[in-house]
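Taking it in order: structure first as structure tokens, then the write-up.
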Amino acid sequence: MKQTMILQNDERMLLSVAQTVRKPFVWLANYYSKILGKEIHIKETLLLLNVQFAFLFMVFPVSCSLFLRALCLYWLCHALMTCKKAGIAAK
């Protein structure tokens with residue numbers, strides 16, 4: 001009985017942590033849905049965040065090697081193609 005109670009408490013705590021971690025992504029998904037005019041799920045939100053970070057790292061590195069810039073360019077292109085395959089594309 002005591003082990004069952006501990007398990008239930010652990011499960012409730014994990015659920016609470018998962019909901020807390022998920023909350024900003026749900027907010028962003030709702031924001032992107034309003035901006036794009038179609039429903040965006042959390043997976044698509046993560047893809048859009050990936051593109052944004054790739055763009056940020058592509059544009060803002062002040063002094064880095066040509067290899068790192070090429071790597072960031074590849075990351076950006078890959079992220080854009082992944083979004084396109086997922087159906088998130090500019091019209």
Side-chain angles (χ1 to χ4, degrees):
M1 172 110 175
K2 191 172 185 176
Q3 280 184 328
T4 307
M5 264 177 77
I6 291 172
L7 228 113
Q8 289 173 350
N9 288 338
D10 288 346
E11 287 175 358
R12 271 190 251 135
M13 187 176 71
L14 282 173
L15 250 164
S16 175
V17 169
Q19 288 173 346
T20 303
V21 168
R22 189 178 169 187
K23 192 178 287 188
F25 296 109
V26 170
W27 182 84
L28 266 176
N30 291 334
Y31 175 74
Y32 287 146
S33 293
K34 289 177 186 174
I35 296 294
L36 296 174
K38 69 176 192 175
E39 188 176 352
I40 300 293
H41 300 285
I42 291 179
K43 182 180 179 189
E44 294 164 328
T45 301
L46 293 174
L47 291 174
L48 289 169
L49 283 173
N50 186 33
V51 169
Q52 289 175 345
F53 279 115
F55 178 77
L56 182 74
F57 278 87
M58 178 66 205
V59 173
F60 289 116
V62 176
S63 60
C64 67
S65 69
L66 189 58
F67 174 73
L68 286 177
R69 287 194 183 267
L71 192 62
C72 288
L73 177 63
Y74 172 77
W75 178 20
L76 179 62
C77 292
H78 184 268
L80 287 169
M81 294 307 266
T82 305
C83 279
K84 187 176 181 180
K85 286 180 184 176
I88 310 169
K91 291 183 181 182

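Worth knowing before you read on, the calculation uses all heavy atoms, side chains too, and leaves out hydrogens, waters and symmetry mates.
- In this structure a side-chain-to-backbone donor-acceptor pair under 3.5 Å is missing from Gln19 to Ser16.
- Contact of the Leu49 side chain with the Phe25 side chain is registered, since non-hydrogen atoms from C-beta on lie closer than 4.5 Å.
- Under the 4.5 Å side-chain contact rule for hydrophobic residues, Phe53 and Phe60 share a cluster.
- In the hydrophobic clustering of ILVMFWY residues, with side-chain heavy atoms under 4.5 Å counting as a link, Ile40 and Leu46 come out together.
- Counting all heavy atoms, side chain and backbone alike, Ala54 lies closest to Leu76 at CB-CA, 3.7 Å.
- Under the 4.5 Å side-chain heavy-atom criterion for grouping Ile, Leu, Val, Met, Phe, Trp and Tyr, Leu66 is not connected to Trp75 through any hydrophobic cluster.
- Under the 4.5 Å side-chain heavy-atom criterion for ILVMFWY residues, no single connected hydrophobic cluster contains both Val21 and Ile42.
- The residue from Thr82, Leu56, Leu80 that alone fulfils the side chain to side chain contact (heavy atoms under 4.5 Å, CB included) condition with Val51 is Leu80.
- Summarising the geometry of Lys38 relative to Gly87, their closest heavy-atom pair is NZ-O, 2.8 Å, with the distance given to 0.1 Å.
- Here the shortest heavy-atom pairing between Phe57 and Cys72 reads O-SG, 3.6 Å.
- Under the ring pair (Phe, Tyr, Trp, His ring centres under 6.0 Å) criterion, Tyr32 pairs with no residue, sequence neighbours left out.
- Hydrophobic clustering (side-chain heavy atoms under 4.5 Å, transitive across Ile, Leu, Val, Met, Phe, Trp, Tyr) groups Leu28 together with Val26.
- Here the closest non-hydrogen pair linking Leu47 and Ala86 is CD1-CB, 3.6 Å.
- Considering all non-hydrogen atoms of both residues, Ile88 and Glu44 come closest at CD1-CB, 3.4 Å.
- Considering every non-hydrogen atom in both Cys64 and Arg69, the closest pair reads SG-CG, 3.6 Å.
- Atom OG1 of residue Thr20 and atom CG of residue Leu15 lie 10.0 Å apart, to the nearest 0.5 angstrom.
- Distance check, rounded to the nearest 0.5 Å: NE2 of His78 to CE of Met81 gives 9.5 Å.
- Taking 4.5 Å as the limit, some side-chain heavy atom of Leu36 sits within range of a side-chain heavy atom of Leu48.
- A 6.0 Å sphere centred on CG of Leu14 holds more than 12 heavy atoms belonging to other residues, nucleotides or ligands.
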